[in-house]
Amino acid sequence: MGNCLGTRVINHHSPSTTNPPTPETSGNSNKPPGEPSSASSNNNSPENVGAGVENGSSKKETTTYQHSGKVISPNLKIFTLTELKSATRNFRPDTVLGEGGFGRVFKGWIDEKTYAPSKVGVGMAVAVKKSNPDSLQGLEEWQSEVKFLGKFSHPNLVKLLGYCWEEKQFLLVYEYMQKGSLENHLFRKGAEPLSWEVRLKVAIGAAQGLAFLHTSEKSVIYRDFKTSNILLDGDYNAKLSDFGLAKLGPINGNSHVTTRVMGTYGYAAPEYVATGHLYVKSDVYGFGVVLLEMLTGLRALDTNRPTGEHNLIDWARPSLSDKRKLKKIMDPRLEEQYPIKGAMQAAELIIQCLGSDPKTRPSMEEVLESLEKINAIKEKPKESKVKAKKLCSNRRQEQRSTHPNRSPLRTRGLIPLE
């Protein structure tokens, strides 16, 4: 993860009078980071571009509807570092929700209307992402998050509430997602298994988020689609998070943009890794990888697996078009509680998404349509062997308790019952 051009730092001690910087213009100032800005800046300065939120109140939104989402005017609160320290109890270790390349994420509490810090359990919970001082990607990813999440609103994109840039620290404040990441539900030991229905719900939600980004007025390439970036609310509604690597798509009829190769190995499309050419459908490849993980319950890359199985795609691909083989690689935690017809169609969709040529991959709108058809398959799944054994055992115990003195031959139907 790399750095981008230096950006002018804004004085955040007066949030009611300061507007947020915009990443598009943040290279215009020659002032060094850490120096407060002047109130008499010209109209092209970061202070005078965009719109802030005063004390948590909202401004009127400019809306353009796309796939149940909209493009909005920047509508973010500028928090002070003191406010966020108070909201997270000074970033106490027991409030840590997770950690990534950017830094740690802490759980905090703020007032629902004013966004002022509140006591634990009072108001609404938020997730506060705080940059790691040693992170090389802090500034660049912070800017990207503000640029994209501050502009888009969609049910399947995590909501950015505000940000802070103070004392050379970059912080972002998001809505809190009660169920955490899809990664934890699929791979963490002891996690409650996700049913087939819930997995499809998550896949459809994530696909809706990507489809919205790809079809917005200026298409956006997410570039880092993976299970850890898919967050779930209390009802398992999926929302995409972490837009640090997001990039505007190609323009003027171009098929791709050329950029540094960044992202997560195992999820990044092969053409992007090999050439740096980033296509909108490079995201579709990443979606195919995640869908395969959801079917198998296995990570895209895992060197702890037996030789030949380290790379999930290489290992699983030959099984995706064969029903008998597919059954063998399906997540055992599903306990065979899924319609095999739906599983086969999902496997076929994965094959299409993982195509080596981005031109042959389906669009995210087509992926979404396929997933909705799969979700409509409601044939009753076969009773799993595990559940069948439990049911059989329970029946035997009931028979023994009801007829404790009955001959075993009678219960087997070998002696006519009187």
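The figures here come from the full heavy-atom set of this structure, side chains too, leaving out hydrogens, waters and symmetry mates.
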Task: Pair Leu172-Val128, side-chain contact (heavy atoms from CB on, under 4.5 Å): steps then yes or no - done: CA-CA 6 Å; Leu172 297 160; Val128 181; over 6 Å; no
Task: Pairwise side-chain contact, Phe212 with Asn156, heavy-atom cut-off 4.5 Å (strictly under) - done: no
Open item on the list: Does any part of the side chain of Leu295, heavy atoms only, come nearer than 4.5 Å to the side chain of Ile350, both counted from C-beta?
Closed with: yes
Open item on the list: Whether the side chain of Lys239 engages the backbone of Leu231 through a donor-acceptor N/O pair (distance < 3.5 Å, no angle test) should be reported.
Closed with: no
Open item on the list: So does Met294 get a backbone contact from the side chain of Arg199, meaning a donor-acceptor N/O pair under 3.5 Å?
Closed with: yes
Task: Straight-line distance of Lys151 NZ to Ser216 OG, nearest 0.5 Å - done: 7.5 Å
Open item on the list: side-chain contact (heavy atoms from CB on, under 4.5 Å) for Val105 and Val96? Distances and angles first, verdict last.
Closed with: CA-CA 6 Å; Val105 181; Val96 173; over 6 Å; no
Open item on the list: Show the nearest heavy-atom pair for residues Met262 and Leu245, with the distance to one decimal.
Closed with: CE-CD2, 3.6 Å
Open item on the list: Check whether Asp302 reaches the backbone of Arg299 with its side chain - one donor and one acceptor, N or O, closer than 3.5 Å.
Closed with: no
TODO: First locate atom CG of Leu81, then atom CZ of Phe91, and finally report the distance between them rounded to the nearest 0.5 Å.
DONE: 5.5 Å
- [ ] Please name all residues satisfying side-chain hydrogen bond (donor to acceptor under 3.5 Å, both in side chains) with Lys226, sequence neighbours left out, ordered by chain then number.
- [x] Thr264
Open item on the list: Nearest 0.5 Å, please: how far is CG in Leu97 from OG in Ser181?
Closed with: 10.5 Å
TODO: For the pair Trp109 (side chain) and Pro117 (backbone), establish whether a donor and an acceptor sit closer than 3.5 Å, ignoring hydrogens and angles.
DONE: no
Task: Thr82 backbone acceptor or donor facing Ser86 side chain under 3.5 Å - done: no
Open item on the list: Just checking Phe243 against Tyr222, ring centres under 6.0 Å apart?
Closed with: yes
Open item on the list: With rounding to the nearest 0.5 angstrom, report the CE to CG distance, Met124 to Leu161.
Closed with: 5.0 Å
Open item on the list: Check whether Asn184 reaches the backbone of Arg188 with its side chain - one donor and one acceptor, N or O, closer than 3.5 Å.
Closed with: no
Open item on the list: I'd like to know if the side chain of Arg333 and the backbone of Ser195 have a donor-acceptor N/O pair within less than 3.5 Å.
Closed with: no
Task: Shortest non-hydrogen contact from Leu213 toward Leu157 - done: CD2-CD1, 4.0 Å
Task: Centroid-centroid distance, Tyr279 to Tyr272, less than 6.0 Å - done: no
Task: NZ/NE/NH1/NH2 to OD/OE distance under 4.0 Å, Asp357 and Lys359 - done: no
Open item on the list: I'd like to know if Glu271 pairs up with Arg361 as an ion pair, taking the criterion as any Lys NZ or Arg NE/NH1/NH2 lying under 4.0 Å from an Asp or Glu carboxylate oxygen.
Closed with: yes
Task: salt bridge (charged side-chain N to carboxylate O under 4.0 Å, His left out) against Glu369, all qualifying residues, sequence neighbours excluded - done: Lys373
Open item on the list: Using 0.5 Å steps for rounding, measure from the CD1 atom of Ile221 to the CG atom of Leu278.
Closed with: 4.0 Å
Task: Beyond-backbone contact of Asn132 with Phe170, side-chain heavy atoms, under 4.5 angstrom - done: no
Open item on the list: Do Leu326 and Met344 have side chains that approach each other closer than 4.5 Å (heavy atoms only, starting at C-beta)?
Closed with: yes
Open item on the list: Are the side chains of Tyr236 and Leu194 in contact, using a 4.5 Å heavy-atom criterion?
Closed with: yes
Task: Side-chain heavy atoms of Ile351 within contact of Ser321, under 4.5 Å - done: yes
- [ ] Show your working on side-chain contact (heavy atoms from CB on, under 4.5 Å) between Trp142 and Leu171 and close with a plain yes or no.
- [x] CA-CA 8 Å; Trp142 179 88; Leu171 300 100; 5.7 Å; no
Open item on the list: Treating Thr114 as the side-chain partner and Asp111 as the backbone partner, does any N or O pair qualify as donor plus acceptor under 3.5 Å?
Closed with: no
Open item on the list: Could you tell me if the side chain of Leu182 sits less than 4.5 Å from the side chain of Val290, heavy atoms only?
Closed with: yes
Open item on the list: Less than 4.0 angstrom from a charged side-chain N to a carboxylate O is my criterion; do Glu145 and Lys129 meet it?
Closed with: yes
Open item on the list: Under 3.5 Å, is there a donor on one side chain and an acceptor on the other for Glu293 and Tyr267?
Closed with: yes
TODO: To the nearest 0.5 Å, tell me how far His277 NE2 sits from Ser255 OG.
DONE: 8.5 Å
Task: Residue pair Ser282 / Pro358, side-chain heavy-atom distance below 4.5 Å - done: no
Open item on the list: Minimum heavy-atom separation for Val220 and Ala246, please, with both atom names.
Closed with: CG1-CB, 4.1 Å
- [ ] Please report the closest heavy-atom contact between Glu175 and Ala127, naming both atoms and the distance.
- [x] O-CB, 4.2 Å
- [ ] Determine, for Phe79 and Lys77, whether the Lys NZ or Arg CZ falls below 6.0 Å from the six-membered ring centre while staying within 45 degrees of the axis.
- [x] yes
Task: Over 12 foreign heavy atoms within 6.0 Å of CZ, Arg104 - done: no
Open item on the list: Walk me through whether Met364 and Val284 qualify under side-chain contact (heavy atoms from CB on, under 4.5 Å).
Closed with: CA-CA 7 Å; Met364 281 311 304; Val284 177; 3.8 Å; yes
Open item on the list: Checking the side chain of Gln352 only, and the main-chain atoms of Leu349 only, is there a donor and an acceptor separated by less than 3.5 Å?
Closed with: no
- [ ] Taking Asn311 for its side chain and Ile313 for its backbone only, find out whether a donor-acceptor pair lies under 3.5 Å.
- [x] yes
